[in-house]
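Start at 1 and go down the list; that is how both ligands and their atoms are numbered.
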Amino acid sequence: MRSISVFGATGSIGESTLALLTPGQVRVVALTGGRQVGRLAEQARRFGAEVAVTAHPEALDDLRAALAGSGVQAAAGPQALIEAADRPADWVMSAIVGAAGLAPGLRALRHGTTLALANKESLVTAGPLLLATAAAHGATVLPVDSEHSAVFQALAGEDRAGVERVIITASGGPFRDWPLERIARATPEQAVAHPNWSMGQRISIDSASMFNKALELIETREFFGFAPEMIETVVHPQSIVHALVGFRDGGIMAHLGPADMRHAIGYALHWPDRGHVPVERLDLTRLARLTFEAPDPVRFPALRLAREVMATRGLSGAAFNAAKEVALDAFLDRRIGFLDMAAVVEQVLDRLSGELRLRIAAATLEEVTAADHLARQRADEAVSARQAKR
Ligand code: NDP
């Protein structure tokens with residue numbers, strides 16, 4: 001029986017992953033979550049998991065109580081997440097949100113597992129380290145972000161040397177048509193309301209600011225290794241075409257599918273086969289139009305910043321992501337405005353380029369963590385300065 005662990009089981013991707021599994025038909029090793037301890041315990045009971053881990057030590061008593069009599073072990077804290085990743089599993093879903101997803105994923109790779117990677121921050125912050133760890137331990141990394149799964153599928157069986165360009169699509173988010181002045185006044189409630197996808201709160205807001213697309217551009221660069229100038233993004237409001245790969249002969253392979261993450265998760269679950277995945281089938285006759293437009297770098301400066309990171313590489317991805325996470329928290333707390341998020345990230349990158357040798361590639365998790373911490377400090381300072389001016 002196949003053994004499976006899901007990191008970030010209580011989130012949007014985690015729930016969609018478990019929805020594709022049947023209790024009794026897989027051996028569930030570890031399920032992890034954060035604040036939603038009751039939900040985690042319910043999942044662990046349903047699947048008879050070996051261990052359930054909450055990221056928060058103060059939630060351990062609640063988790064233990066919720067698991068009483070179930071035979072599922074309870075654990076808590078960052079170290080317990082690493083220990084959960086040390087339990088061998090054939091297939092591991094990495095779906096913790098943010099930089100916190102990197103360490104467990106790296107550890108799971110050391111056991112030669114197949115890592116289904118939804119946590120895009122892992123590639124953005126430490127792409128070369130992650131892929132080198134996988135290679136050193138005979139592990140496999142499969143992309144789960146829908147655009148990257150689409151590129152991966154379009155490239156299957158193709159010679160990479162024949163690729164001319166890779167185009168990932170962006171829905172444009174809820175502010176696609178908004179003028180700059182209105183975007184500047186956007187609230188967290190408006191930003192979280194994604195028109196097509198149902199996702200976690202943080203990625204939804206990143207979609208509205210296009211920081212999500214920025215992360216994905218960097219992710220494309222790191223995962224597939226194509227030069228930055230070969231990687232493009234277009235706005236495609238219908239979210240039906242997820243990515244396109246253009247070849248030297250002028251042909252383009254496009255990947256189409258419903259805006260439902262279960263497709264990309266299911267693809268990674270069944271890979272290298274094509275198994276049945278219960279998502280809605282596209283009715284092409286009902287798709288009135290598929291439209292594409294160029295993204296606006298003025299209203300969505302995150303895309304320009306992503307280009308800088310793609311050129312610099314090294315530790316700049318870790319700094320970019322950490323500053324973005326701090327800026328997002330500050331926006332959620334209404335301490336800064338929507339457009340201030342990009343301004344904070346830009347300021348941090350500028351400042352760190354003088355303080356930290358951003359171009360140096362991280363060889364260890366500790367180096368990534370140090371860059372992450374420094375960027376968070378600088379981002380906190382930038383947020384405070386902006387708050388003082390408001
Ligand atoms: P959610 O916010 O819905 O879920 C995040 C999960 O991580 C939850 O299980 C949460 O626990 C847990 N978690 C939160 N903080 C921590 C922490 N510090 N340490 C350990 N666990 C933590 O996120 P999504 O499912 O939307 O996204 C997960 C990842 O997948 C992200 O990297 C995102 O960018 C990526 N992704 C998501 C897509 C989507 O459609 N949702 C599409 C493509 C990529 P709890 O809820 O119990 O607090």
Pull out every atom of ligand 1 sitting under 4.0 Å from any heavy atom of [X], numbered as shown with elements.
X      : value
Ala118 : 30 (O), 32 (O), 35 (C), 36 (N), 44 (C)
Ala100 : 17 (C), 18 (N), 19 (N)
Thr10  : 8 (C), 9 (O), 10 (C), 11 (O), 45 (P), 46 (O), 47 (O)
Gly200 : 3 (O), 26 (O), 41 (N)
Gly33  : 11 (O), 47 (O)
Gly8   : 6 (C), 7 (O), 9 (O)

Report yes or no: do [X] and [Y] form a side-chain donor-acceptor pair below 3.5 Å?
X      : Y      : result
Asn119 : Ser122 : yes
Gln153 : Arg274 : yes
Asn321 : Thr125 : no
Ser149 : His242 : no

Using heavy atoms and a threshold below 4.0 Å, how should the contact between [X] and ligand 1 be classified: side chain, backbone, both, or neither?
X      : result
Ala55  : side chain
Ser12  : both
Met199 : both
Ile203 : side chain

Any heavy atom of Arg202 sitting closer than 4.0 Å to ligand 1?
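Checking ligand 1 against Arg202, which is what was asked, there is no heavy-atom contact under 4.0 Å.
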
Got a second to check how far Glu147's CD is from Ile167's CD1, nearest 0.5 Å?
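Separation between the atoms: 13.0 Å.
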
Looking at Arg107 and Glu83, is any side-chain nitrogen of the basic one under 4.0 Å from a carboxylate oxygen of the acidic one?
no

Assess the pair His148 and His255: is the distance between their ring centroids shorter than 6.0 Å?
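Distance test on ring centres: not under 6.0 Å, no.
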
